[in-house]
**Q** 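The structure's right below; bear with me while I get my questions together.
Both counts, for ligands and for their atoms, begin at 1 and track the order of listing.
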Amino acid sequence: MKLRQLTAFLFLFGCAPCDSTGEVEPVEPSSAGAVLSLLPAENAPAASEVERGRALITRYECNRCHQIANVEPPPLERNCMGCHRAAIDGEPIEFAEFGIEIENASEAGARIDHLLATPNLVQMAPRFRFEWLRDFLAEPADLRPHLSASMPRLGLTESDAAAIASALLFDSVQGDRGDRFELRRDAAGIASGEALFEQYRCGRCHAFAEPASEPENRLARLAPDLRWTRERYRHGTLIRWIQRPESIVPNTQMPNHGLTEEQSRQLAQYILFAELSPPVAAEPPPLLELLERPVSYSEVSEAVFSDTCRHCHSDPAFAFGEGGPGNTGGFGFEPRRLDLSSYEGVQSGLLIDGRRASAFRDVDGMPLLIRALRARQLEEAGQFDPNVRGMPLGHPAVNAERLQLVRTWVAQGRPRE
Ligand code: HEC
Ligand code: HEC
Ligand code: HEC
Ligand code: HEC
């Protein structure tokens, strides 16, 4: 059967460039009209909305972690992903220049596990739906079970998220009329797709009906859980993606499996329409009893503050004055002046509404810093606290034992020795 016969040609998109018969006119990838026809009518953005989105991408510094169409990478001292990749590739970086003390660069490279790989934000328009993109930016969820970092909860309003989504789609347009249709459920296709999914062992990189298993290689890191694909992806692009992913994102880590179009269509049927049981909600780790033994600052620093926090809450003089987004500001956040790189820094607190305050001030019965750590544990279990942003921002939560260590230290009066 031909693809055309199986697809309902529901045109989802705005009619800005439509003629009177409702057909969408062929479009040139680079023309502005092309973009409007790729976005839903009610959201067809004005040029000013796209401009606003671009300015917000600059303001929120999305390029510190992502490759983005038409956006230059930041200088190395602000380039979280670029510097980590350079370090792990063994590029000769003078880390001392940035205030980073490293004895052996390749060993340090081997220690880095975060922001080495992040999804590439090029070629968004053919792949992603506007609504999904907007909602994800406003409230990010974990998409990739094998990736330790996640998209941070930034301070975006819904209107900012919509403008950014418009700009991301607008600036990465690929005019392709074949992408603008919806597939219809087809039971035989789903069954064949399931068999192909087994045969080609797609599950060795992707979680889907089965939760993520141990990945066989690092290529799996960027592989999304395919249960979200039905909300994210355009149907036509999905078929093309499964067959020839490199024709959409040239440097993608998704392999070409040499599938026929028919097989790709069947796999798309399976991914879009297979019945899935709801995702299993993770349990947040327990709050352990406080330790009986004394806990010193150096122990807490080694396990928590220097291990992760310091990378965003550095000394203000670090890296040409780049004290990290949690200290000198960044990712759209105002400077909060929280320095977690030294005892004095930790003790001197942070700015709250422009005033110095203790990082251990009580917030609903819990010291602020502890509450932020707990909030991240809860975020990983899918529970969001609207009042406190989980820390470490966008990075794996500290485990139950480490939180117990910090809580004990705070309860003991935060001793230095
Ligand atoms: C601190 C690093 C960081 C910053 C800053 C950041 N992101 Fe992300 N982003 C990530 C990571 C890590 C993921 C992967 C999350 C996952 O798959 O669970 C991600 C995922 C995404 C995705 C999903 C793409 C896909 O293929 O699944 C989009 C879209 C995105 N980010 C857009 C943005 C935008 C827009 C901004 C700026 C407003 C931004 N990000 C800022 C780290 C970052
Ligand atoms: C100038 C280079 C450079 C920049 C810029 C940089 N890092 Fe790093 N980062 C490193 C190096 C080198 C290490 C490993 C050595 C260490 O642990 O100190 C590291 C380690 C880390 C770690 C702890 C190691 C781990 O995998 O748990 C985190 C978290 C981290 N960086 C986050 C960030 C974030 C977030 C940004 C952007 C705000 C950033 N880094 C910017 C060089 C950099
Ligand atoms: C070696 C690991 C690997 C294997 C095997 C693999 N994939 Fe992927 N897949 C990836 C990666 C990595 C991405 C993300 C690519 C990107 O964003 O550039 C991806 C992306 C996808 C996407 C887009 C999903 C989304 O929501 O963004 C689909 C659909 C997909 N793969 C289907 C399949 C199917 C079907 C198979 C089996 C025929 C398969 N993959 C096998 C690594 C793999
Ligand atoms: C990826 C960067 C990043 C990492 C890693 C990180 N932070 Fe933050 N942190 C920030 C940013 C940005 C802010 C400011 C957020 C805001 O103003 O809403 C912040 C704010 C805070 C606040 C104030 C929260 C509030 O609601 O007022 C606390 C407390 C905090 N961080 C603690 C920590 C601790 C403890 C760690 C390590 C476990 C950590 N952070 C790791 C980026 C980071």
**Q** I'd like to know whether ligand 2 has Leu393 as a neighbour, heavy-atom separation below 4.0 Å.
**A**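 False for this residue.
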**Q** Among all the protein's non-hydrogen atoms, which is closest to atom 3 (C) of ligand 1, and how far away is it?
**A**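 Heavy-atom neighbour on the protein nearest atom 3 (C) of ligand 1: Cys65 SG, 2.7 Å.
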**Q** Could Glu49 and Arg134 be called an ion pair, given the rule that one side-chain N must be under 4.0 Å from one carboxylate O?
**A**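 Looking at Glu49 and Arg134, the cut-off is not met.
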**Q** For ligand 1, which atoms sit closer than 4.0 Å to a heavy atom of Tyr60?
**A**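 Those atoms are 38 (C).
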**Q** Answer side chain, backbone, both or neither: which part of Cys62 comes under 4.0 Å from ligand 1, heavy atoms only.
**A**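 Both of them.
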**Q** Suppose we only allow N, O or S atoms; which atom of His66 ends up nearest to atom 8 (Fe) of ligand 1?
**A**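 Closest to atom 8 (Fe) of ligand 1 among those atoms: NE2.
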**Q** Test of understanding: given a 4.0 Å heavy-atom threshold, classify the contact between Leu56 and ligand 1 as side chain, backbone, both, or neither.
**A**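 Contact part for Leu56 vs ligand 1: neither.
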**Q** Does Ala220 have a heavy atom less than 4.0 Å from any atom of ligand 3?
**A**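 No heavy atom of Ala220 comes that close to ligand 3.
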**Q** Who's the nearest protein heavy-atom neighbour of atom 23 (C) of ligand 1, and how far?
**A**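 So the nearest neighbour among protein heavy atoms is Phe136 CE2, 3.6 Å.
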**Q** Report the member of Pro119, Gly53, Ala117 with the shortest heavy-atom distance to atom 24 (C) of ligand 1.
**A**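 When every heavy atom of Pro119, Gly53, Ala117 is considered, Pro119 comes closest to atom 24 (C) of ligand 1.
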**Q** Do any N/O atoms on His395 end up under 3.5 angstrom from N/O atoms on ligand 2?
**A**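 It does not: no N or O of His395 is found under 3.5 Å from an N or O of ligand 2.
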**Q** If you consider just the N/O/S atoms, which atom of His206 is the closest one to atom 8 (Fe) of ligand 3?
**A**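 The His206 atom nearest to atom 8 (Fe) of ligand 3, restricting to N, O or S, is NE2.
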**Q** Using a 4.0 Å cut-off to any heavy atom of Leu115, which atoms of ligand 2 qualify?
**A**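 Matching atoms, with element in brackets: 34 (C), 35 (C).
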**Q** Write out the residue and atom name of the closest protein heavy atom to atom 35 (C) of ligand 3, then the distance separating them to 0.1 Å.
**A**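 Sorting protein heavy atoms by distance from atom 35 (C) of ligand 3 puts Cys202 SG, 3.7 Å first.
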**Q** Run the salt-bridge test on Arg310 and Asp315 with the 4.0 Å N-O cut-off and return the result as yes or no.
**A**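 No, this pair does not count.
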**Q** Quick test of your reading of the structure: of Gln253, Met254, Arg127, whose heavy atom lies closest to atom 17 (O) of ligand 3?
**A**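 Residue with the shortest heavy-atom distance to the ligand atom: Arg127.
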**Q** Let me confirm one number: the OG-CG distance from Ser296 to Leu405, rounded to the nearest 0.5 Å.
**A**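 If I round to the nearest 0.5 Å, the distance is 8.5 Å.
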**Q** Ligand 1 versus Leu133, non-hydrogen atoms closer than 4.0 Å: side chain, backbone, both, neither?
**A**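 Side chain only.
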**Q** Would His84 count as a polar contact of ligand 2, with the cut-off being nitrogen or oxygen pairs under 3.5 Å?
**A**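 Min N/O separation from ligand 2 is below 3.5 Å for His84.
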**Q** Just which atoms of ligand 2 are under 4.0 Å from any heavy atom in Ile112?
**A**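 Within the 4.0 Å cut-off of Ile112, ligand 2 contributes 10 (C), 11 (C), 12 (C), 13 (C), 14 (C), 19 (C), 26 (O).
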**Q** Donor-acceptor pair, Ser166 side chain versus Ala162 backbone, under 3.5 Å?
**A**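 Yes.
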**Q** Heavy atoms only: which of Leu121, Leu267, Leu222, Ile242 is nearest to atom 14 (C) of ligand 3?
**A**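 The residue whose heavy atom sits nearest atom 14 (C) of ligand 3 is Leu222.
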**Q** Could you check whether any heavy atom of Trp241 sits closer than 4.0 Å to an atom of ligand 3, since that is the contact criterion I want to use?
**A**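 Right, Trp241 reaches ligand 3.
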**Q** Which bit of Ile164 gets closer than 4.0 Å to ligand 1, counting heavy atoms only: side chain, backbone, both or neither?
**A**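 Ile164 to ligand 1: side-chain contact only, backbone stays beyond 4.0 Å.
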**Q** Run the contact test for Gly324 against ligand 2 with a 4.0 Å cut-off on heavy atoms, strictly below, and give the result.
**A**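 No, Gly324 has no heavy atom closer than 4.0 Å to ligand 2.
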**Q** Mind checking whether Arg310 has a heavy atom under 4.0 Å from ligand 2?
**A**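 Yes.
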**Q** Relative to the ring of Tyr343, is the ring of Tyr297 parallel (under 30°), tilted (30 to 60°) or perpendicular (over 60°)?
**A**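 Perpendicular, since the angle between the ring planes exceeds 60°.
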**Q** Distance under 4.0 Å to a non-hydrogen atom of Leu147: what atoms of ligand 1 satisfy this?
**A**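 Within the 4.0 Å cut-off of Leu147, ligand 1 contributes 14 (C).
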**Q** Hey, is there an N, O or S on Met151 sitting under 2.8 Å from atom 8 (Fe) of ligand 1?
**A**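 Looking at Met151, which is the residue asked about, there is an N, O or S atom under 2.8 Å from atom 8 (Fe) of ligand 1.
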**Q** Step through it carefully: locate the ring centre of Phe128, locate the ring centre of Phe136, and say whether they are under 6.0 Å apart.
**A**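 No, they do not, as the ring centres are separated by 6.0 Å or more.
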**Q** Below a 4.0 angstrom heavy-atom separation, can you tell me which part of Leu137, side chain or backbone, both or neither, approaches ligand 1?
**A**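 Under 4.0 Å from ligand 1, Leu137 contributes side-chain atoms alone.
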**Q** Please work out which of the three classes, parallel, tilted or perpendicular, describes the rings of Phe197 and Phe208, given edges at 30° and 60°.
**A**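 It falls in the tilted class, 30° to 60°.
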**Q** If you have a sec, work out which protein heavy atom is nearest atom 1 (C) of ligand 3 and how many Å separate them, to one decimal?
**A**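 I find the closest protein heavy atom is Cys205 SG, 2.8 Å.
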**Q** I'd like to know if the side chain of Ser348 pairs up with that of Arg337 as donor and acceptor (distance under 3.5 Å, no hydrogens or angles considered).
**A**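 Short answer, no.
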**Q** Which one holds for Asn120 and ligand 1: side chain close, backbone close, both close, or neither close, with close meaning a heavy atom under 4.0 Å?
**A**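 Near ligand 1, Asn120 shows nothing, with every heavy atom at 4.0 Å or more.
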**Q** Of all the atoms in ligand 1, which lie at a distance below 4.0 Å from a heavy atom belonging to Asp142?
**A**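 Numbered from 1, ligand 1 contributes 18 (O).
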**Q** Would you kindly specify which portion of Arg232 sits under 4.0 Å from ligand 1, judged on non-hydrogen atoms: side chain, backbone, both or neither?
**A**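 Side chain only.
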